[in-house]
Amino acid sequence: MRTLETLSGGEWVRTGEWIDVHDPADVRTPFARVPALSAKDVTRAYDHAERGFAVWKRTSPFERARVFTEAARLIRERAGEIAADVTAENGKTLAEATGETLKAADFLEYYAGLARQGYGTLLHDVRPDHRTHTQREPIGVILVISPWNDPLITPARKLAPLLATGNAAVFKPATETPLAGLHFARALHDAGLPAGVLNVVTGRTAEIEEALLDDPRIVGITFTGSNAVGNRIRRRLADRNVRFQGELGGKNASVVLRDADLPAAAKAVVAASFGQAGQRCTATSRVIVEQPVHDEFVTLLVAEVRALTVGPGTDPATTLCPLSSPKQRDSVLADLGRAVAQGATVLTGGGADADRPHGCYVEPTVLAGVTPDMAVWREEVFGPVLAVRAVGDFTAAVEAVNDSGFGLAAAVFTRDLGSAYRFADEAECGQVAVNTTTTGWDVHLPFGGFHDSGTGYKEQGEEVLRFSTRVKTVAVHFGAPGRADG
């Protein structure tokens, strides 16, 4: 079993306590272990971050860009090793893990470019002989909490912009999947990131939560995970001047209209629903089909799902990987059992993989006979489960999409440009796709949901600067003394 160290204060450290990391394809034997930091270790990480921020905020943006460019190069150079570890700890296919690894490098390269260009606006001033501008500055020490489903790309999405703009970070990867985050930290460390700018806290959340969330030096928290945990963090911050960026749950819908290319729509919906075994916040979990094409579409959909190959992520033939942990597998199976008990019909799948009892496998599942009041239609399952409903027309389809507390992603499949734009205008969600999957947004595209799916701060692109920087207005009088007007 491999033993890994974690990064704190520019040093790779270990403790006497360890957390085992298991492969969800076969959970019987751990393949790696990482340090289980204590509350005192967390406080030391904040000490390091405070000192690191004092250095990094004064570091030239061009030097920050150089560090990021070199880190991206190292990630690409190490892509095979990193992807193998992502597959081993998370379960996703090697192809998915490789794509995630390369996208992490893309984030570093994008924000290296953004660091070079500066952020600010020249403003007109009513006073003569004055020039006024705004400039953006880093805000300080930010806590980054990332999930297990995308253990590399989510840290990259969060850390790249906040570090590029001069902030420091304490980073808590998911307990189940710490290796990917450590790879990201090592690339930055090896590229020359100053000590303390990035500190990785591997530990059991219950043992370090107070030290992690309550440190007075925190100025911002960026979190991706469940609504229950996100709302708990938000309540904890209620009386503190701490920014909170949350990417929370989703119950994403794809709409198939009567004029859609049905075979193409079926392939896209399956890709959006069952990639990473449905463990994506943007995964399609509801399909809304206009009644005239419902039966034909469902036939195509079920055929596509039955063609998926369930297996370990290391097998090149696998197109549907295991879920990321026994806990997640059991949660999805419980949701399926409840759906059937409430009257849903299983068209394909519906259970665990009996041939792989030591893995976290759930069969790809399509449910029919689903009504709007069922839990499987309203609550996030986060697994390879897709529910299908028929509606009468476009208006009813949009109403069904918006009849949700969530508002992350939605898609429509149609050949009509008017329907496409109407859907884009009327769908109550932060990401809209037309004739393509609900998943897969590039690094420069703002990302985030409405309603219970997120907060006011978006991720990705330049929009993330609203979270990671503060705006200062500067007025300069350059005329003769005594002519300045206040």
Side-chain angles (χ1 to χ4, degrees), residues 92 96 100 145-151 153-154 157-158 174 222-234 244-255 268-288 323-324 328 331-332 335-336 339 365 367 370 372 374-389 397-412 423-424 426-434 436-442 445-460 463:
K92 64 182 62 178
E96 291 169 332
E100 181 169 350
I145 306 175
S146 69
W148 45 259
N149 65 314
D150 285 317
I153 199 172
T154 303
R157 175 187 291 131
K158 294 178 179 297
T222 176
F223 167 83
T224 295
S226 71
N227 286 76
V229 176
N231 290 334
R232 190 168 78 239
I233 295 173
R234 192 157 24 192
F244 178 65
Q245 180 186 62
E247 201 282 287
L248 307 174
K251 194 64 185 175
N252 311 301
S254 287
V255 171
V269 168
V270 168
S273 302
F274 298 103
Q276 294 180 206
Q279 298 172 115
R280 288 172 171 152
C281 57
T282 53
T284 292
S285 60
R286 299 184 293 154
V287 182
I288 299 157
L323 276 71
S324 293
Q328 187 62 19
S331 173
V332 171
D335 287 334
L336 282 172
T365 301
L367 299 175
V370 178
M374 289 183 181
V376 75
W377 188 258
R378 309 201 71 82
E379 299 175 10
E380 189 172 44
V381 174
F382 221 63
V385 179
L386 185 59
V388 185
R389 276 182 56 207
V398 173
E399 289 175 353
V401 169
N402 293 340
D403 182 23
S404 173
F406 298 108
L408 181 53
V412 64
F423 185 83
E426 297 177 21
E428 282 288 315
C429 60
Q431 318 291 134
V432 174
V434 177
T436 189
T437 65
T438 51
T439 57
W441 302 95
D442 208 351
L445 305 178
F447 177 81
F450 299 162
H451 309 306
D452 290 342
S453 288
T455 59
Y457 293 113
K458 291 268 191 177
E459 296 184 316
Q460 301 189 178
E463 190 70 21

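The structure presented is a predicted model; accordingly, all values stated were derived computationally and were not measured.
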Asks: Compare all side-chain heavy atoms of Thr222 with those of Glu459 and state whether any distance is below 4.5 angstrom.
Replies: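 A side-chain contact under 4.5 Å exists here.
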Asks: Between Arg157 (side chain only) and Gln460 (backbone N and O only), is there a donor and an acceptor less than 3.5 Å apart?
Replies: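 Side chain of Arg157 to backbone of Gln460: no pair is present.
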Asks: Treating Gln245 as the side-chain partner and Thr455 as the backbone partner, does any N or O pair qualify as donor plus acceptor under 3.5 Å?
Replies: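 Not confirmed, Gln245 side chain does not pair with Thr455 backbone.
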Asks: Any side-chain heavy-atom pair from Ile233 and Ile145 closer than 4.5 angstrom?
Replies: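 Yes, their side chains come closer than 4.5 Å.
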Asks: Does anything in residues 397-412 form a salt bridge (charged side-chain N to carboxylate O under 4.0 Å, His left out)? List the pairs, not counting sequence neighbours.
Replies: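 Matches after skipping sequence neighbours: Arg378-Asp403.
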Asks: Could you work out, with side chain to side chain donor-acceptor pair (under 3.5 Å) as the rule, every residue matching Asp150, not counting sequence neighbours?
Replies: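 Side chain to side chain donor-acceptor pair (under 3.5 Å) check on Asp150 returns Lys92, Gln276.
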Asks: Kindly indicate whether the side chain of Leu408, heavy atoms from C-beta on, has any atom under 4.5 Å from the side chain of Glu380.
Replies: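 Answer no - side chains too far apart.
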Asks: On the 0 to 90° scale, with breaks at 30° and 60°, tag the Phe382-Trp148 ring pair as parallel, tilted or perpendicular.
Replies: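 Plane angle over 60°, so perpendicular.
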Asks: If we only count heavy atoms from C-beta on, is the Thr224 to Lys158 side-chain gap below 4.5 Å?
Replies: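 Yes, side chains in contact.
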Asks: Tell me, do Val434 and Phe423 make a side-chain contact under 4.5 Å, heavy atoms counted?
Replies: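 No. Closest side-chain heavy atoms not under 4.5 Å.
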Asks: Do you know which two heavy atoms are closest between Val401 and Ala253, and how far apart they sit?
Replies: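 Smallest heavy-atom distance, with atoms named: CG2-CB, 4.0 Å.
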Asks: Only counting residues at least two apart or in another chain, list the ones meeting salt bridge (Lys or Arg N to Asp or Glu O under 4.0 Å) with Asp335.
Replies: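 So Asp335 forms a salt bridge (Lys or Arg N to Asp or Glu O under 4.0 Å) with Arg338.
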Asks: Just so I know, are the side chains of Leu323 and Pro384 near enough to count as touching, which here means a heavy-atom distance under 4.5 Å?
Replies: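 Side chain of Leu323 against side chain of Pro384, heavy atoms only: contact under 4.5 Å found.
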Asks: Do you know the tightest heavy-atom contact between Glu428 and Phe450?
Replies: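 So the minimum-distance heavy-atom pair works out to C-CD1, 3.8 Å.
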Asks: For Glu426, what residues pass the salt bridge (Lys or Arg N to Asp or Glu O under 4.0 Å) criterion, not counting sequence neighbours?
Replies: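 Partners of Glu426 under the salt bridge (Lys or Arg N to Asp or Glu O under 4.0 Å) test: Arg422.
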Asks: Just by distance, do the side chain of Arg389 and the backbone of Pro372 share a donor-acceptor pair under 3.5 Å?
Replies: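 Answer holds: no.
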Asks: Are any of the side-chain heavy atoms of Asn227 and Phe406 separated by less than 4.5 Å?
Replies: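 Yes, side chains in contact.
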Asks: Would you give the length of the straight line joining atom OG of Ser404 to atom CD of Glu379, rounded to the nearest 0.5 angstrom?
Replies: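 Output value for this atom pair is 10.5 Å.
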Asks: Output all residues satisfying side chain to side chain donor-acceptor pair (under 3.5 Å) with Ser453, sequence neighbours left out; order by chain, then residue number.
Replies: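 None.
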Asks: Taking all non-hydrogen atoms of both residues, which atom of Ala174 and which atom of Pro147 are closest, and how far apart?
Replies: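 Closest approach of Ala174 to Pro147: CB-C, 3.6 Å.
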Asks: For Asn252 versus Ala409, what's the shortest heavy-atom pair and its separation?
Replies: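 What the structure gives for the nearest pair is OD1-N, 3.0 Å.
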Asks: Quick check: does any side chain N or O of Glu247 sit under 3.5 Å from a backbone N or O of Phe447, one acting as donor and the other as acceptor?
Replies: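 Checking the backbone N and O of Phe447 against the side chain of Glu247, no donor-acceptor pair under 3.5 Å is found.
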Asks: Residues two or more places apart in sequence or in another chain: which of them pass side chain to side chain donor-acceptor pair (under 3.5 Å) with Ser146?
Replies: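 Side chain to side chain donor-acceptor pair (under 3.5 Å) list for Ser146, sorted by chain: empty.
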Asks: With rounding to the nearest 0.5 Å, note down the distance linking CG in Asn231 to CZ in Phe244.
Replies: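 Rounded to the nearest 0.5 Å, the CG-CZ separation comes to 7.5 Å.
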Asks: If you take all heavy atoms of Leu386 and Thr284, which pair is closest and at what distance?
Replies: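 Reported closest heavy-atom pair: CD1-O, 3.8 Å.
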Asks: Can you see which heavy atom on Val269 is nearest to which on Ser254, and at what distance?
Replies: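 Smallest heavy-atom distance, with atoms named: CG2-CB, 4.1 Å.
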Asks: With rounding to the nearest 0.5 angstrom, report the CG to SG distance, Leu248 to Cys281.
Replies: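 Spacing of CG (Leu248) from SG (Cys281) equals 9.5 Å.
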Asks: Between Thr438 and Gln431, is any pair of side-chain heavy atoms under 4.5 Å apart?
Replies: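 No, too far: nothing below the 4.5 Å cut-off.
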